[in-house]
Amino acid sequence: MGFQRTHYCGELRADHVGQKVVVCGWVHRRRDHGGVIFIDLRDRAGLVQVVFDPEKVPAEIFSEAERLRNEYVIQVYGTVRHRLPGMANPNLQTGAIEIYADELKVLNSAKTPPFAIDSRDDVDEALRLKYRYLDLRRPEMHSTLELRHRTTKIIRDFLDSRGFWEIETPMLTRSTPEGARDFLVPSRVHPGEFYALPQSPQLFKQLLMMGGVDRYFQMARCFRDEDLRADRQPEFTQLDMEMAFVDREDVLNLIEDMMAFVFREIVGEEIKLPLRRMSYADAMARYGSDKPDTRFGLEIQDVSMIVKDTGFRVFSETVQNGGAVRGINVEGAGEKFARREIDELGELAVTYGSKGLLWLIVTDTGGRGGITKFFSDEELARLVSYMEAQPGDLLIFVADKPETCAEVLGRLRLFLGEKLNLIDEDLWDMLWVVDWPLFEYSEMEGRFMAAHHPFTAPLAEDLHLLSKDPQKVRAQAYDLVLNGTELGGGSIRIHRREIQEEMFAALGLTPAEAKERFGFFLDAFDYGTPPHGGIAFGFDRWIMLLAKKESIRDVMAFPKTASAQDLMTGAPSAAIGEQLRDLHVRLTPEAEKRLQDVALSQEVR
RNA sequence: GGAACCGUGGUGUAGUUGGUUAACACACCGGCCUGUCAAGCCGGAGAUCGCGGGUUCAAGUCCCGUCGGUUCCGCCA
């Protein structure tokens, strides 16, 4: 006969007046007037007021209602009525009506929760995570989960309409070098060997193209064993896509259509197409970032040529030694900032990797403070006019290697944009960053690394540079940037064996190493690989932006803390009994000792 | 791996230059109350001040260590 629920609490409206309904949910609040009792009943759709009137319900039901407490799970049989005149509650979507209860079933009682579900203050996040199932009851969490679900659904509909197939790829796979640290899973059957959890389905999706699937996508769970951030979790979801017989234009056009569709359906925003495109070089020069936030100005300017012959040797010598001098005109900040705030910028600049920050304040007569004294009036006037500065502006400079200038000023720019409140939070500012370098030189490793990944195809016109001058090779790669956040990135892939081998060689892999690690993949090239390309989106981050959340944890049902723990389940935890032996794994003495210490401290507690 | 900030009844916070019995709001328990909706009124219970050590006549407060949370740098596409 079923549970008999007829409606969600939150969906009842004046249209339902007169209907007999059955609703289920949690007691959100109760207001007991000694006589009449009001219960705000909550389910995922919202709240509805239930009235227990002693003159209208049987005595045993009324006394049952008197015992209700917050978070009790109940089922109410009743009739929807208009509220009495003047008693409507405009703050509730169901505020025009209420349910007169005829019958009440208490399905479960509840202890007083460790934090209020309707709390108006922020609750300690550790507590929220420990009792995540209670945290999830909060309407705000529900709306985020629903937003995420609807976005996923919209994307599936869209991609289906464009001929994409959703295909799953393995979670237990082979470790591939490059990129992040892998999570490893020891093999019981093959002593001493390990699976790796995928950092992304990159190779598999390319193999699907080789398999003639033509168009693939997946909401793919990915794993990376690196330290966490507000927008980084050890496991996360990518919208992963790949298409065969396409070039860059085909991919960008399709993604633009998809983004416009998603934004229209989810946030009711019209995205203007085609999206702007900015070269990587341009982004780095003007914004000091490969994911420029173009919602505000404060662009970086290169003043190397202006200052190369000045008497200020920090500037002139830097330029003469192949470095650069770049700056930002922080408009108005010369008047607004206290000396301490300028010094704070300098400290930031140092943590971002420059030797220091040089500055001056523009005045009617020239400049004051900082490095003003090193310039002649004429030099100062040239600099000020080049940077289009007005009296009261603060000019900040970094003199260093060009990349350092870009990096440091790019970060200061973001800091200043926020500090000066220059960012319009209502904008959806989306653009492509294209023409990436294929390689980045890693100081730490002393070799070239793939800027995207090692399967990215070079631009055809740069192909000849691959072995001669790798640093100059540009890639057929593209990143989609929204409000200064990288939403996703992709590329046209290499589809010919000899180029893939050249790529591996440029990355410092010997043919033997390439064969050992990617032999199966290289072999696949020999059997007729179609040209193909694709893209992958950091889906959690994307939802975070759509939901206007500060942290990726708020858009995941069960996230981990900054130290990668799950406070609810207690993961990770020590392996028990024979697990390790079955897996042919032995702990180091340090690990053993740590486990003992942890066990001891828990006993004390 | 490094740095910063935070940790006080169930929750959110206050707690002065170290000084008596750690304060407030909400929640909780009891009582009153028939139209509230963050109900109201009266009363009550509830804190090893994260943990360990030190300085001091005296530590929530100062110092050191440690644990946990968050953010950032390194790392990570």
Side-chain angles (χ1 to χ4, degrees), chain A residues 28-41 47-56 62 69-71 83-92 94-95 98 111-131 134 178-182 199-200 202 222-234 236 238 290-291 347-348 350-353 407 411 414-415 433 436 440 442 444-445 449-453 456 477 479-480 485-491 535-538 541 550-551 553 560-563 565 567 597-598 601-602 604-605:
Chain A
H28 191 62
R29 269 190 285 263
R30 79 195 156 91
R31 290 176 294 279
D32 182 346
H33 285 245
V36 67
I37 296 171
F38 300 99
I39 296 291
D40 285 343
L41 191 61
L47 296 177
V48 69
Q49 174 163 285
V50 179
V51 187
F52 292 91
D53 187 328
E55 287 164 15
K56 290 178 181 136
F62 188 80
R69 292 294 180 272
N70 283 350
E71 300 309 310
R83 294 213 183 172
L84 300 178
M87 295 297 166
N89 183 349
N91 299 321
L92 280 185
T94 60
E98 59 197 0
K111 295 208 289 188
T112 302
F115 55 87
I117 306 306
D118 65 341
S119 176
R120 299 170 292 281
D121 303 311
D122 284 341
V123 177
D124 178 54
E125 193 170 357
L127 199 67
R128 289 175 54 202
L129 289 176
K130 180 173 178 190
Y131 297 96
L134 296 180
E178 293 277 327
R181 213 172 284 124
D182 285 315
Q199 294 183 25
S200 79
Q202 183 62 34
C222 305
F223 305 86
R224 289 176 190 163
D225 189 6
E226 296 292 347
D227 288 339
L228 277 54
R229 288 286 187 281
D231 61 353
R232 254 160 45 188
Q233 284 271 305
F236 60 99
Q238 280 189 349
D290 56 16
K291 40 181 191 290
E347 285 164 27
L348 274 175
V350 171
T351 67
Y352 295 150
E407 165 93 13
R411 290 182 184 226
L414 290 179
F415 174 83
V433 174
W436 285 68
E440 275 167 356
S442 164
M444 230 171 50
E445 306 228 354
M449 313 261 284
H452 264 84
H453 52 60
T456 302
D479 269 15
L480 186 63
T485 301
E486 180 204 326
L487 275 190
S491 61
I535 193 165
F537 295 90
R541 206 176 281 179
E550 299 285 316
S551 161
R553 294 184 300 276
K560 295 181 177 58
T561 66
S563 61
Q565 284 181 300
L567 294 180
D597 291 348
V598 169
S601 73
Q602 273 166 359
V604 170
R605 231 174 280 160

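As the structure is a computational prediction, the values presented were derived from the model and not from experiment. By convention in this document, chain letters (A, B, ...) are assigned in the order of the sequence lines, proteins followed by strands, and residues within each chain are numbered from 1.
Between the base of B/G74 and the side chain of A/Glu226 there is no donor-acceptor pair shorter than 3.5 Å. Remark: the A/Arg224 side chain and the B/C75 base include no donor-acceptor N/O pair separated by less than 3.5 Å. Applying the 3.5 Å distance criterion, the base of B/C76 shares a donor-acceptor pair with the side chain of A/Arg232. For A/Asp124 against B/G12, a side-chain-to-base donor-acceptor contact under 3.5 Å is absent.
Comparing B/A38, B/A77, B/A39 against the side chain of A/Glu486 picks out B/A77 as the nearest. Counting only heavy atoms from C-beta on, A/His452 has its side chain closest to B/A77 among B/A77, B/G74, B/U36. Set against B/G35, B/U11, B/G69, the side chain of A/Gln565 has B/G69 as its closest nucleotide. When distances run from any side-chain atom of A/Val51 to the nucleotides B/A77, B/G35, B/U70, the shortest one goes to B/G35. Listed candidates were B/U11, B/C37, B/A77. Nearest to the side chain of A/Val123 is B/U11. Nearest to the side chain of A/Pro54, among B/U34, B/U11, B/C37, sits B/U34. Nearest to the side-chain atoms of A/Ala562 among the listed nucleotides B/U11, B/G74, B/U70 stands B/U70.
In summary, the side chains of A/Gln199 and A/Asp182 do present a donor paired with an acceptor at a separation below 3.5 Å, with no hydrogens or angles considered. For the residue pair A/Gln233 / A/Arg541, no side-chain donor-acceptor distance below 3.5 Å is found, with atom types taken as modelled.
Between the side-chain ring of A/His33 and the base of B/A39, a stacking contact exists by the 5.5 Å and 30° definition. Residue-nucleotide stacking is present for A/Phe38 and B/U36, judged by a side-chain ring centre under 5.5 Å from the six-membered base ring centre and planes under 30° apart.
The P atoms of B/G2 and B/U66 are separated by 10 Å, rounded to the nearest whole Å. As rounded to the nearest Å, B/U16 and B/G53 have C1' atoms that lie 27 Å from one another. B/G68 and B/C76 have their P atoms separated by 25 Å, with the value rounded to a whole Å. Rounded to the nearest Å, the gap between the C1' atom of B/G19 and that of B/C62 is 14 Å. Using P as the reference atom, B/G18 and B/A59 are 13 Å apart when rounded to the nearest Å. Taking atom C1' in both B/U8 and B/G60, the straight-line distance is 7 Å, to the nearest Å. Taking atom C1' in both B/C51 and B/G44, one finds a spacing of 32 Å when rounded to whole Å. When the P atom is compared between B/G43 and B/C24, the two are found 13 Å apart, to the nearest whole Å.
You'll find the side chain of A/Leu567 stays beyond 4.5 Å of the side chain of A/Tyr131, heavy atoms only. Between A/Pro114 and A/Leu134 the shortest side-chain heavy-atom distance falls below 4.5 Å. Two residues are said to be in side-chain contact when any heavy atoms from C-beta on lie closer than 4.5 Å; A/His28 and A/Asp118 meet this criterion.
Following rounding to the nearest Å, A/Asp231 (CG) and B/U70 (P) show an atom-to-atom distance of 14 Å. Summarising the geometry, the separation between CG on A/Leu414 and P on B/C72 is reported as 12 Å, rounded to the nearest angstrom. Rounded to whole Å, atom C1' of B/A77 lies 13 Å from atom CZ of A/Phe537. A/Arg411 has its CZ atom 9 Å from the C1' atom of B/C72, to the nearest Å. Note: CD (A/Glu407) to C1' (B/C75) measures 13 Å, nearest angstrom. Atom CD of A/Gln199 and atom C1' of B/A77 are 10 Å apart (whole Å). One interatomic measurement links the two molecules: CE of A/Met87 to C1' of B/U34, which rounds to 11 Å at whole-angstrom precision. Here the P atom of nucleotide B/C37 and the CD atom of A/Gln49 are 10 Å apart, to the nearest Å.
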Next on the checklist: Quick one, A/Glu226 with A/Arg181, criterion salt bridge (charged side-chain N to carboxylate O under 4.0 Å, His left out). Give me CA distance, side-chain angles, the key distance, then yes/no.
Outcome noted: CA-CA 6 Å; A/Glu226 296 292 347; A/Arg181 213 172 284 124; 3.6 Å; yes
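Pair assignment for B/C62 gives B/G54, based on Watson-Crick or G-U wobble hydrogen-bonding distances that are each under 3.5 Å. Nucleotide B/G7 is matched to B/C67 when pairs are restricted to Watson-Crick or G-U wobble geometry with both distances under 3.5 angstrom.
The shortest distance between the side-chain N/O atoms of A/Arg229 and the OP1/OP2 oxygens of B/U71 is not below 4.0 Å. For A/Arg128, no side-chain nitrogen or oxygen approaches OP1 or OP2 of B/G69 to under 4.0 Å. Side-chain N/O atoms of A/Arg31 include none lying less than 4.0 angstrom from OP1 or OP2 on B/U36. At the phosphate of B/U71, OP1 or OP2 sits under 4.0 Å from a side-chain N or O atom of A/Arg553.
Counting non-hydrogen atoms under 4.0 angstrom, A/Leu47 reaches nothing in the nucleic acid. Nucleic acid contact class of A/Asp122 (heavy atoms, under 4.0 Å, all strands): sugar-phosphate only. Using a 4.0 Å heavy-atom cutoff across all strands shown, A/Arg83 reaches at least one base atom of the nucleic acid. Residue A/Glu98 is in base contact, counting any heavy-atom pair closer than 4.0 Å across all strands shown. Note on A/Ser563: only backbone sugar-phosphate atoms sit closer than 4.0 angstrom, heavy atoms only; bases stay farther off. Contacts of A/Gln233 with the nucleic acid, taken as non-hydrogen atoms under 4.0 Å apart, are absent.
Of all heavy-atom pairs between A/Trp436 and A/Ala477, the closest is CD1-O, 3.6 Å. Counting all heavy atoms, side chain and backbone alike, A/Arg224 lies closest to A/Ser200 at NH2-CB, 4.0 Å.
Both A/Leu127 and A/Asp32 lie close to RNA chain B; mapped to their nearest nucleotides by heavy-atom distance, the more 5′-ward contact belongs to A/Leu127. For the pair A/Asp290 and A/Thr561, nearest-nucleotide mapping onto RNA chain B gives the more 5' position to A/Thr561.
Evaluation of the salt bridge (Lys or Arg N to Asp or Glu O under 4.0 Å) rule for A/Glu347 yields no partner, not counting sequence neighbours.
Side-chain atoms of A/Thr456 never come within 3.5 Å of backbone atoms of A/Ser491 as a donor-acceptor pair (strictly under, hydrogens ignored). Although no hydrogens or angles enter the test, the distance criterion places a donor-acceptor pair under 3.5 Å between the side chain of A/Ser119 and the main chain of A/Asp121.
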Expected rows: protein N/O vs nucleotides 24-29 of chain B N/O, under 3.5 Å:
unit_1 : atom_1 : unit_2  : atom_2 : d
B/C29  : OP1    : A/Arg69 : NE     : 3.1

